[in-house]
Amino acid sequence: QVQLVESGGGLVQAGGSLNVSCAASGRTISSYYIGWFRQAPGKERSFVARITSGGGTTYYANSVKGRFTISRDNAKNTVYLQMNSLKPEDTAVYYCAADPLGYTGNYDRTTTYAYWGQGTQVTVSS
């Protein structure tokens, strides 16, 4: 089974930036599509971004489009989420998830992804 571990979360002021990493181990994720999700207290886990296996195609939630960038370095077996122009409403636990099947449909649904990390807290102060 692939293990996913997020890191890089923390506290940042509104307008600031943060880069979160998702390091995979146990097997290569070079052929997997990877998604980022987030969950704020009292809210459902929601889609943030998705990247194809080769990194050539990305998808973003409208709420983060233009501010967040998902990328991957398959040689390092790692996926990144660069978050710029952060807003207090971005505060949440951020999770990375792996889709071994590479489905393009329902890319924004949690059920599409087979493996999940433990999450990392991102807090944006106003």
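The shown structure was predicted, so the numbers you read here are calculated from the model rather than taken from an experiment.
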- Is there a donor-acceptor pair under 3.5 Å between the side chain of R72 and the backbone N or O of G55? no
- Donor-acceptor under 3.5 Å (Q118 side chain, E6 main chain): yes
- Quick one: name the residues clustered hydrophobically with V79, using the 4.5 Å side-chain heavy-atom rule over I, L, V, M, F, W, Y, and just say none if it's on its own. V2, L4, V12, L18, V20, I29, Y32, I34, W36, V48, I51, Y60, V64, F68, I70, L81, M83, L86, Y94, Y115, V122, V124
- Message: Given R50, which partner from the list T112, D99, T58 fulfils the side-chain hydrogen bond (donor to acceptor under 3.5 Å, both in side chains) test?
- Response: D99
- Task: Could you tell me which non-hydrogen atom of S53 sits nearest to which non-hydrogen atom of N74, and how far apart they are?
- Result: O-ND2, 3.0 Å
- Message: For a quick test of reading the model, state the closest non-hydrogen atom pair linking G117 to Y95 and the distance between them.
- Response: O-CD2, 3.6 Å
- Please confirm whether the backbone N or O of A49 pairs with a side-chain atom of Y107, one donor and one acceptor, at under 3.5 Å? no
- Query: Do the side chains of S25 and V5 get nearer than 4.5 Å, heavy atoms only?
  - Reply: no
- Query: Can any side-chain N or O of D73 pair as donor or acceptor with the backbone N or O of T78 at less than 3.5 Å?
  - Reply: no
- Of all heavy-atom pairs linking F47 and Y59, the shortest is CZ-O, 3.7 Å
- Item | side chain to side chain contact (heavy atoms under 4.5 Å, CB included) partners of T52, counting only residues at least two apart | Y33, T57
- Message: So which atom in N84 and which in S17 form the shortest heavy-atom distance, rounded to 0.1 Å?
- Response: OD1-OG, 2.8 Å
- Hey, could you give me the CG/CD distance between L11 and Q121, rounded to the nearest 0.5 Å? 9.5 Å
- Query: Side-chain contact, heavy-atom cut-off 4.5 Å: R38 with S63?
  - Reply: yes
- Message: Using 0.5 Å steps for rounding, measure from the OG atom of S126 to the NZ atom of K87.
- Response: 14.0 Å
- Item | Min side-chain heavy-atom separation W116-T110 under 4.5 Å | yes
